[in-house]
Amino acid sequence: MDRKEFFCTVLCLLFLATAVFTIPSNAKTIQLTYANFPPASTFPCIQMERWKKEVEKRTNNRVKVLTFPGGTLLGAKDMLRGVIQGQADIGCLCMAYQPGVFPLTTVIGLPLGFKDAKTASLVLWEIYNKYRPKEFSKVKVITLFTSAPSNIMSKVPIRSLKDLKGLELRASGTASKILELLGATPVSMPMSETPEAIQKGIVKGLLSSLEVLKDLNFAAYCPYETITNFQVYPFAVVMNKQKWNSLPKQVKEVINSMSKEQAAWTGEYMDNHVKEAIQFARQKYNAKLFHFSKQDSIKAKKLCKKVILDWKKMAVKSSIPADKVLEDVYAFKAKYEH
Ligand code: DTR
């Protein structure tokens, strides 16, 4: 073989080796569909986009996440079932929308005096991590977080408990029970159905975290906010178990390493965004903020105690160590509160 033939042979072998050993990138890319129920502007979807960006970056784009906000893949009440059945690989759910399905983790949604979403989100994550409740046994939990404490946003000024009497206000889960105990008329529905109910006047306002004043422009319809700092709403992001089991070890490690971090990031985002939303409501719609009198606050707290007692009764019936769980919630709350 002369020099020319030798170089041709080497070049052909090099080309062949490159073709065989360079795996086309799409062969390794893992696509995950991620369903969410509220509009893209709201915090459950903002945290979803952050998780997508971080997972793609930390897996060097081996994982591609396709996000579906606004109920375009699964609706609020179908989230858990849809993920278990594989209609979406990942889903973000709010426990309040499926009463009775999450007996243990809804403890975080009781009126326990959480002052911010970051603390409540980290406590929820710790409680899930410690108890690994069977309510999530059919899925893989990716992360958990909460809304900020709930306050009243209304079309009419609510300065006292008396002003609440018979007023139709939208809520869900424990918040609906609280409104009933305080004498209002709760109208339960997921957040995704709330904008229409507010715009059509079906409800006179809502009990939720205040960031929706901006994210869903509720400030335009509810120029009065009553700072009650009632309960928070717990959320979970879950993955289809078969999909999780199919993932490579390195990808699982990335996702697991982000679980608590995502809870803290979402809580912090929420707390900062509530402040921005209040400023937005004041500047754009001249929103007015009220606080209950000390007497009304004490009375409201007393009335809400029934919600905690009812949870304990239900928890014991579900073989949950209710007192121990509550003790742990308060201990974790003290750990994370500053
Ligand atoms: N407050 C609960 C949960 C919640 C708070 N902010 C948002 C935004 C988008 C969806 C849900 C929530 C609720 O009222 O549904």
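Numbering of ligands and ligand atoms starts at 1, following listing order.
When E211, M95, H273 are checked for heavy-atom proximity to atom 7 (C) of ligand 1, E211 turns out nearest. Closest heavy-atom approach to atom 4 (C) of ligand 1 within the set Y233, F235, F37: this belongs to F235.
P190 does not count as a contact of ligand 1, since none of its heavy atoms falls under 4.0 Å from the ligand.
Close contacts of ligand 1 with P38, meaning ligand atoms under 4.0 Å from a residue heavy atom, involve 9 (C), 10 (C). The contact set between ligand 1 and S209, taken as ligand atoms under 4.0 Å from a residue heavy atom, comprises 5 (C), 6 (N).
Remark: minimum distance from atom 1 (N) of ligand 1 to any protein heavy atom is reached at S208 OG, 2.6 Å. Scanning the protein for heavy atoms near atom 14 (O) of ligand 1, the closest one is R170 NH1, 2.4 Å.
A donor-acceptor pair under 3.5 Å links the side-chain atoms of T228 to the main chain of S150, judged by distance alone.
Between E54 and K57 a salt bridge is recorded (basic side-chain N to carboxylate O distance below 4.0 Å). Using a 4.0 Å cut-off between a side-chain N of Lys or Arg and a carboxylate O of Asp or Glu, D271 and K275 do not qualify as a salt bridge. A salt bridge is absent between E193 and K77: the closest approach of a Lys/Arg side-chain nitrogen to an acidic carboxylate oxygen does not fall below 4.0 angstrom. Ion pairing between R81 and D78 holds under the 4.0 Å rule for side-chain N and carboxylate O.
Considering backbone and side-chain atoms alike, Y97 places an N or O below 3.5 Å from some N or O of ligand 1.
Partner of W51 under the side chain to side chain contact (heavy atoms under 4.5 Å, CB included) criterion, out of E261, E56, Q262: Q262 alone.
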